[in-house]
Amino acid sequence: MIEQKKIELPTAYEPQAVEGKWYRFWEENGYFKPRPQAAGRPTFVISMPPPNVTGALHLGHAITATVEDILIRYHRMRGDDTLWVPGEDHAGIATQTVVERQLANEGTDRHKLGREQFLERVWQWVHQYKSRIQDQHRRLGASCDWSRERFTLDEGLSKSVREVFVRLYEEGLIYRGERIINWCPVCMSALSDLEVNHVDTQGALTYVRYPLKPLEGQEGDATEYISVATTRPETILGDTAIAVNPKDPRYAKLVGRLAVVPVIGREIPIVADEAVESSFGTGAVKVTPAHDPTDFEIGLRHDLPRVQVIGFDAKMTTEAGPYAGQDRYEARKNLVEELKSLGLIVKIEEYTVPLGRCQRSDTPIEPLISKQWFVKMAPLATPAMGAVKVGLLKIVPERFNKTYMDWLENIHDWCISRQLWWGHRIPVWYCDNCGQMTVSREDVTVCPHCESTRLRQDEDVLDTWFSSWLWPFSTLGWPEVTADLQRYYPTTVMETGYDIIFFWVARMVMAGIHFLGAVPFQTIYLHGLVRDAKGEKMSKSKGNVIDPLEVMDEFGTDALRFTLATSSTPGNDMKLVPERIVGNRNFANKIWNASRFVMMATAEAGDGVPEISEVTPRTLADRWILHRLARLTGEATRLIDEFQLGEAGRQINEFFWSDYCDWYVEIAKVQMREGDEQAQRATAGILRAVLDQSLRLLHPFMPFVTEEVWQHLYRTSVADAAQWPAPALIVAAWPESNSAALDEAAESDFDLLQEIIVRIRDARNQANVEPAKRVQVILAAGSQLATLTAQAPLIEFLARTEKPQLHASLPEKPAQSMSLLAGSVEIYLPLAGLLDLDKELARLEKEIATTELEIARIQGKLANEAFVTRAKPEVVQKERERLVEQQERLNKLRERRAELAN
RNA sequence: GGGCGCUUAGCUCAGCGGUAGAGCGCUUCCUUCACACGGAAGAGGUCACUGGUUCGAGACCAGUAGCGCCCACCA
């Protein structure tokens, strides 16, 4: 017995009222967990890119969660053993900066607190924001397995990090060395190359002349000079050489001589080095090994001293003589003034420099020499390139292959030590007794070399990405050989924004191959960035950030998800325009109301929700909607498998709104009203079956409204829940395309019917016929007579006509009629009194013109022998048929014109 | 200095080798018993430009222009 005959549901979908309920229901029933019992089915695994614990989720996270959830839900419905591992990232510098800022507001700082207390403060922060991020992912509907949630700093992952550090050290791939590194004077830490953003900045190219030291016996002669160009005059104080290209004839005789550094008077050699480009500046370069990467290299080649004139605080050091203590830019200004007064400035040109800035604090980076830990990358990069080359790893969209390859080919060693407190502390101990260093998986309290206890652990922590790059396997328990690791590694898809290919994706590939001998995922799917309506990147400082929570509050999660999923194509950025979200909120409402109608209309007639393969079409419309659904199902499945989620979503939307709601549901009203009980039952069955299938197709995109509606549908149709095909839509089977339902004839017949109806409606509009008025209609249907006779009631209802009068042909055209053509079917609307002859003639003229144009086009094509012989035969055939059709049409139009003209 | 992407209806975007599409906006009409977060109909594009490939090109190739992004140790 059906539970309720009277179905009372609100007339508008209320997302806020249902979303939380269904998320809890899914989670409590364990649907987010993998189903290893799905034996024989493939695994489908995604490691969720862990959001930083620095704050709230933004739209970038929302699109990530949406896309991944679509893939996960789709595969879950297909019966795959599906696992989505969530987690969060401790985000070293980012988090430490935020908490330090908080401390500053309280008038204290981390040094006053001490390391231990400070870390406690950070953990407090983390706990608070971690749960906030979890909640937000729940709001987004993310069906990830929370029982497997990981944090990059939790015990297990810390173990992975140490394991990796020690192994790489033992393999000689991690080393400690004094190198020139990117130093952020605000974060007070070294950074990797990736954490430096280059920004074109208006600067100056200052030409400075250095006096040469006179040769022996030349004292007293006029001073000789050598000029150089620099964008950073303050580093002059740290110059230890001047370099020229060895092939440069201008300077050949100066090589080997000494120049004198202005102001401080240091005597420095003029050396020849290939790195110098003769065509730039003066062709001579000042060399400051302590403050420039190129100069550092030159310094190595020529064994030059390194004089550090800028300190880690970005102020001039005592080496800077009179400038000691000044800020680097202040010193620049002052020094240039002094050089001017000394007459040593040749000229100053405007010049644009790519200034490196800290990704976090936006501070100009200072290249400084410092002792840091590095990972030797080349040996790791080679196999990572190989994986893509041989196709073990597929990148979608493919064009990012080049980005990936280019970076790996030119890879530099990775500076992994950070002068911070928040992060994985470097597992290295130094003995104050014997001076030896110990690298260990376990904490060390006694020096293994001398048994002293005077040990100090390295003060620094590791780059935050040093834990992230292990994510796909560290989250599964590695280095332990857990059941999860064995079953779910390698994962299936890595889905993330293209902006972190280098930071994260490429490094994960390297780590996966190196430590587990297998690429960590089969496919890398890269989505674009979400921008504001003007196309600008969203950022807090610009104040154009759209908060996904606010969007969800106002329009519902499904609307946001559907918008994010369908607003662009893979790898392309999207502008988030509010109108689009509104439109998709409306779509959710459309789903709701169509479903509400179907449930109400079929409550009496229905028995259950039939399987789509079991329903029997009785009418043309039945055949047509089943055909359309079958084709859609095949297409949607293919598109999702190809990661064309947007196109899949758009097609499902179009089917549901246009085909199902606008046409089939309207037709079903006629079939339900006019048919006998059997017809009613059949129609009700199709209404429900197609709705059921549509909800399944939509579920990955819009999980909440579809689950809500699906549950209503089954509760009102199949009283015994044990009889349902699944306990919930989230675990219902993804539809199979029912190829038996494919029916091209139904499609073309229905197209004709639609055209007839649309033309009549249009004519009524043109003639200003009262909407409620039923008009007379006479059809000359030719060969379509039988088909259309059966559809007469639909024309009557949908075009609001009287009972159509159908004929094969009309020996005499109805007088005082508007005449229309749909395909080759002639339509006459006797509209005595309403017919405006001039208007009608004008309309005919216009139609004749377009038809003639079309005929000319086809004739031209067919007259082209190359086309007839070379084009595919079916294309040629189609054009021929079209020509006949159009000519027939033209004849009829002309006839009609002649009649009216009389 | 390299590399990549975009340029299709007023706006936001699909389409990617065989008659130009969607949503929003616009015009007209409709409170017909699922939905006005709705329905019906309509107007509106030389698919940036120039060459080429092809019987046929928004769609493929080459180049140009504008916009955007990424990488980069010519100081």
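Letters go in sequence order (proteins before strands), and every chain restarts at 1. In this text the structure is predicted, and so the values were computed from the model without any measurement.
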- If every non-hydrogen atom of A/V665 is compared with every non-hydrogen atom of A/C661, which pair is closest and at what distance? CB-O, 3.6 Å

- Message: Counting C-beta onward and ignoring hydrogens, is there a side-chain heavy-atom pair between A/Y207 and A/V228 closer than 4.5 Å?
- Response: no

- Item | Length of the line joining A/L713:CG and B/rA34:C1', which is rounded to integer Å | 14 Å

- Message: Under the rule for ring-ring contact (aromatic ring centres under 6.0 Å, His included), what residues qualify as partners of A/F503, not counting sequence neighbours?
- Response: A/W465

- Identify whether NZ of Lys or CZ of Arg in A/R761 sits under 6.0 Å from the centre of the six-membered ring of A/W663 and within 45° of that ring's axis. yes

What nitrogen or oxygen pairs link the protein and nucleotides 14-18 of chain B at under 3.5 Å?
residue	atom	partner	partner atom	Å
B/rA14	OP1	A/T569	N	3.1
B/rA14	OP1	A/T569	OG1	3.1
B/rA14	O2'	A/E647	OE1	2.6
B/rA14	O2'	A/R650	NE	3.0
B/rA14	O2'	A/R650	NH2	3.2

- For atom CZ of A/F400 and atom C1' of B/rC6, their distance in whole Å: 12 Å

- Summarise protein proximity over nucleotides 70-75 of chain B in one line of letters, 5' to 3': B for base, S for sugar-phosphate only, - for none, counting protein heavy atoms closer than 4.0 Å. -SBBBB

- Query: If we ignore angles and hydrogens, is there a donor and acceptor under 3.5 Å between the side chains of A/S192 and A/E195?
  - Reply: yes

- Identify the residue among A/W592, A/F555, A/F704 that makes a ring-ring contact (aromatic ring centres under 6.0 Å, His included) with A/Y13. A/W592

- Under the rule of Watson-Crick or G-U wobble with both distances under 3.5 Å, where | means paired to another strand and [ ] a crossing pair, RNA chain B maps to ((((((((.[[[[.)..(..]]]].(((((.......))))).....[[[[[..)....]]]]])))))))....

- Item | Side-chain donor/acceptor of A/K402 to base of B/rC4, under 3.5 Å | no

- Applying ring-ring contact (aromatic ring centres under 6.0 Å, His included), name anything that partners A/F643, two or more places apart in sequence or on another chain. A/Y525

- Query: Roughly, in whole Å, what's the span from CG in A/D499 to P in B/rG68?
  - Reply: 19 Å

- Query: For residues 754-765 of chain A, which residues have at least one heavy atom under 4.0 Å from RNA chain B?
  - Reply: A/V758, A/R761, A/D762, A/N765

Under 3.5 Å, sequence neighbours excluded: what are the donor-acceptor pairs made by side chains of residues 280-291 of chain A?
residue	atom	partner	partner atom	Å
A/T282	OG1	A/S227	O	2.6
A/T282	OG1	A/A284	N	3.2
A/T282	OG1	A/A284	O	3.3
A/K286	NZ	A/T235	OG1	2.6
A/K286	NZ	A/D239	OD1	2.9
A/K286	NZ	A/T288	OG1	2.8
A/T288	OG1	A/D239	OD1	2.7
A/H291	NE2	A/V309	N	2.9
A/H291	NE2	A/I310	N	3.2

- Task: Indicate, with a heavy-atom threshold strictly under 4.0 Å, whether A/K669 touches base, sugar-phosphate, or nothing.
- Result: base

- Hey, do the aromatic rings of A/Y660 and A/F656 have their centres closer than 6.0 Å? yes

- Select one nucleotide: of B/rU12, B/rG5, B/rC37, the one nearest the side-chain heavy atoms of A/K575. B/rU12

- Report the distance from atom CZ of A/R596 to atom P of B/rC35, rounded to the nearest whole Å. 6 Å

- Message: Can you confirm whether A/I855 sits close enough to A/Q887 that some side-chain heavy atom of one is under 4.5 Å from a side-chain heavy atom of the other?
- Response: yes

- Message: Tell me which one of A/N653, A/N589, A/T563, A/D558 satisfies side-chain hydrogen bond (donor to acceptor under 3.5 Å, both in side chains) with A/N584.
- Response: A/T563

Protein and nucleotides 23-25 of chain B: nitrogen or oxygen contacts under 3.5 angstrom:
none

- Query: Has A/K669 got its NZ or CZ under 6.0 Å from the middle of the six-membered ring of A/F597, at an angle within 45 degrees of the ring axis?
  - Reply: yes

- Message: Treating A/T869 as the side-chain partner and A/A866 as the backbone partner, does any N or O pair qualify as donor plus acceptor under 3.5 Å?
- Response: yes

Could you list, one pair per line, each protein nitrogen or oxygen that sits under 3.5 Å from a nitrogen or oxygen of nucleotides 30-33 of chain B, together with the distance?
none

- Set of residues satisfying salt bridge (charged side-chain N to carboxylate O under 4.0 Å, His left out) with respect to A/K402, sequence neighbours excluded: A/D406

- Query: Would B/rG58 be called syn or anti, given that syn covers angles within 90° of 0?
  - Reply: syn

- Item | Strand contacts (RNA chain B) in residues 233-243 of chain A, 4.0 angstrom heavy-atom criterion | none

- Message: Which residues pass the salt bridge (charged side-chain N to carboxylate O under 4.0 Å, His left out) test with A/R638, not counting sequence neighbours?
- Response: A/E635, A/E642

- Item | First encountered from the 5' end of RNA chain B, between A/M574 and A/E854 | A/M574

- Item | N/O donor-acceptor pair under 3.5 Å between A/T801 side chain and A/F797 backbone | no

- Mark yes when over 12 heavy atoms from residues, nucleotides or ligands other than A/Q766 sit less than 6.0 Å from its CD; otherwise mark no. yes

